[in-house]
Trainee: 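Mind looking over this structure? Questions follow.
Hydrogens, waters and symmetry mates are skipped; everything else that's a heavy atom, side chains included, is used. Along the sequence shown, the residues carry numbers beginning at 1. Bear in mind the structure is a predicted one, so any value in this text is a computation, not a measurement.
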Amino acid sequence: MSVKVNEKFIKSFVSEDEISAIIPEVKNALLSVKKRDGLGADFLGWVDLPEAYDKEEFARIKVAADKIIKSCDIFVVIGIGGSYLGARAAIEFVKSPIYNNLKKDTPDIYFAGNNISTTALSELLSICEGKDICVNVISKSGTTTEPAVAFRVFKKLLVDKYGEAGARDRIFVTTDRARGTLKEFSDKAGYETFVVPDDVGGRFSVLTAVGLLPIACAGIDIDSMMAGAAKAKADFDTEDFGANQAMRYAAFRNIFERKGKTTEILVGYEPYMLMLNEWWKQLYGESEGKDKKGIFPTSVIFSTDLHSLGQYIQDGKRNIFETVVNVKNPGSKFVIPMDDANVDGLNFISGKELDYVNKTAMLATLVAHCDGGVPNIVLEVEDRSAHSFGYIVYFFELACAISGYVLGVNPFNQPGVEAYKKNMFALLGKPGFEDMKRELEKRIENM
């Protein structure tokens, strides 16, 4: 099993009666996912994805990745939210957070279209100067502002550099199967297209072409990744609460929420966890934060953030709990050298592996935070392999669906996301928003 819930550091915070009381709710939530009879059931395509994915498209993804690897120095992935977070999380977790700086046989991979920053776009264009470039634009509709602007810019760059025919071979589009402006435009232009499935929401889409094409371009074994997700699906098919780790994680989260611990901090002890944390924050924040409900998801990287947020976690408001991801096998070894002068006074750890010191810091922190009144769920992960990443993704997705149903919300919609978009379109002068523009301008003036 690639993810195991270690409950040692929550025992003093959760009673057996609380666990017994929530088990029926968690079981019913799991059954709703399996039977597809709950809220948002039209977006449960990710449940069977590890086994029922499109094999023909999967083969095309590998062929396209091989073509991209051989033809470009820089691969630009354009997308926002679930259209880029999962792929970036996978690349940093399996490969490295400094992937682009490593010696490798695969292209540098940069992510664009996830902000509206002049500086970020200008700097990326500067990096691309004199380099061979391929682009993957990921958007269901093609009209989301951030990626649409970035695609305009990079499409022009490729056409100017390679001509229309040359650009056609370097632009790859992941969009709706049959409709939408981006799909229509791509078909006319002759771009190779991949599918954002109708029944898989963006934040659940990392194991579709949305995530798999960029992941494969980093030289990561996507067959192994899907096998890991399939293993998780098989492991979590049981309704046995004692055996189903996803059910247990969802249950403990909801027990803590009912006890007033409404903020969850996902903790990693390695820099390669940073983007996985970001993916997790979108998954849980967008799935649970509605109807004035939900656990607020935030994250830290220890021991780094122990020197910034550690004081608050130790002694601040007691509305928090932590979920610690412990990767047992770091994949590399580094022994701390002896210093004859012992200037830093650390010769007592000379000869020890650095990961041993890191794990000791984790254990010390777990005890300290529990003593400070902060429960800690520990998720034990075997290693940083593609297989483990696929397993982790499925674990978190299933636990999120279960937890959302227990909270009493639809985990698969995101109605609140549209509010800022409408305001932005109106203020920018989009046709059809004239009345809204005048109303907003008056409101802003009087604020």
Trainee: With a 4.0 Å cut-off on N to O distance, would you call Glu441 and Lys437 a salt bridge?
Mentor: yes
Trainee: Please indicate whether Lys104 has more than 12 foreign heavy atoms, meaning atoms of other residues, nucleotides or ligands, lying under 6.0 Å from its NZ.
Mentor: yes
Trainee: Run the side-chain donor-acceptor check on residues 317-325: report pairs under 3.5 Å with partners two or more places apart or on a different chain.
Mentor:
| residue | atom | partner | partner atom | Å |
| --- | --- | --- | --- | --- |
| Arg318 | NE | Gly316 | O | 2.8 |
| Arg318 | NH1 | Ile313 | O | 3.1 |
| Arg318 | NH1 | Gln314 | O | 3.2 |
| Arg318 | NH1 | Gly372 | O | 2.7 |
| Arg318 | NH2 | Tyr312 | O | 3.2 |
| Arg318 | NH2 | Ile313 | O | 2.7 |
| Arg318 | NH2 | Gly316 | O | 3.0 |
| Glu322 | OE1 | His369 | ND1 | 2.8 |
| Glu322 | OE1 | Asn376 | ND2 | 3.1 |
| Glu322 | OE2 | His369 | ND1 | 3.3 |
| Thr323 | OG1 | Glu264 | OE2 | 2.6 |

Trainee: So is Lys430 actually on top of Phe425's ring, under 6.0 Å and inside 45° of the axis?
Mentor: yes
Trainee: May I ask you to say whether Asp199 pairs ionically with Arg36, meaning some side-chain N is under 4.0 Å from a carboxylate O?
Mentor: no
Trainee: I'd like to know if the side chain of Glu434 and the backbone of Gly432 have a donor-acceptor N/O pair within less than 3.5 Å.
Mentor: yes
Trainee: Would you call Arg60 and Asp54 a salt bridge, using N to O less than 4.0 angstrom?
Mentor: no
Trainee: Taking only Lys NZ, Arg NE, NH1 and NH2, and the carboxylate oxygens of Asp or Glu, determine whether Glu278 and Lys281 approach each other closer than 4.0 Å.
Mentor: yes
Trainee: With Lys55 as the cation and Tyr53 as the aromatic partner, state whether NZ or CZ is under 6.0 Å from the six-membered ring centre and within 45° of the axis.
Mentor: yes
Trainee: Is Asp237 salt-bridged to Lys233, going by a charged N under 4.0 Å from an acidic O?
Mentor: no
Trainee: In chain order, what residues pass the side-chain hydrogen bond (donor to acceptor under 3.5 Å, both in side chains) check against Thr144, with sequence neighbours excluded?
Mentor: none
Trainee: Check whether the ring centres of Tyr272 and Tyr99 lie less than 6.0 Å apart, and answer yes or no.
Mentor: no
Trainee: Could you tell me whether Tyr420 atom OH has more than 12 heavy atoms of other residues or ligands within 6.0 Å of it?
Mentor: yes
Trainee: When you check the gap from the basic side-chain N to the acidic O, do Glu25 and Arg258 get nearer than 4.0 Å?
Mentor: yes
Trainee: For the atom pair OH (Tyr84) and CD1 (Ile109), what is the distance rounded to the nearest 0.5 Å?
Mentor: 14.5 Å
Trainee: Look at Arg384 together with Glu270 and state whether they make a salt bridge at an N to O cut-off of under 4.0 Å.
Mentor: no
Trainee: Is Asp240 salt-bridged to Arg248, cutoff N-O under 4.0 Å?
Mentor: no
Trainee: Under 4.0 Å between a side-chain nitrogen and a carboxylate oxygen: does that hold for Glu18 and Lys259?
Mentor: yes
Trainee: Please tabulate, for side-chain N and O atoms in residues 285-292, each donor-acceptor pair with protein atoms closer than 3.5 Å (sequence neighbours left out).
Mentor:
| residue | atom | partner | partner atom | Å |
| --- | --- | --- | --- | --- |
| Glu286 | OE1 | Arg203 | NH1 | 2.9 |
| Glu286 | OE1 | Gln282 | NE2 | 3.3 |
| Ser287 | OG | Arg203 | NE | 2.8 |
| Ser287 | OG | Leu283 | O | 2.5 |
| Ser287 | OG | Pro411 | O | 3.2 |
| Glu288 | OE1 | Arg253 | NH1 | 3.4 |
| Glu288 | OE1 | Arg253 | NH2 | 3.2 |
| Glu288 | OE2 | Arg253 | NH1 | 2.8 |
| Glu288 | OE2 | Ser403 | OG | 2.7 |
| Lys290 | NZ | Glu286 | O | 3.1 |
| Lys290 | NZ | Ser287 | O | 3.1 |
| Lys290 | NZ | Asn410 | O | 2.8 |
| Lys290 | NZ | Asn413 | O | 2.4 |
| Lys290 | NZ | Asn413 | OD1 | 2.9 |

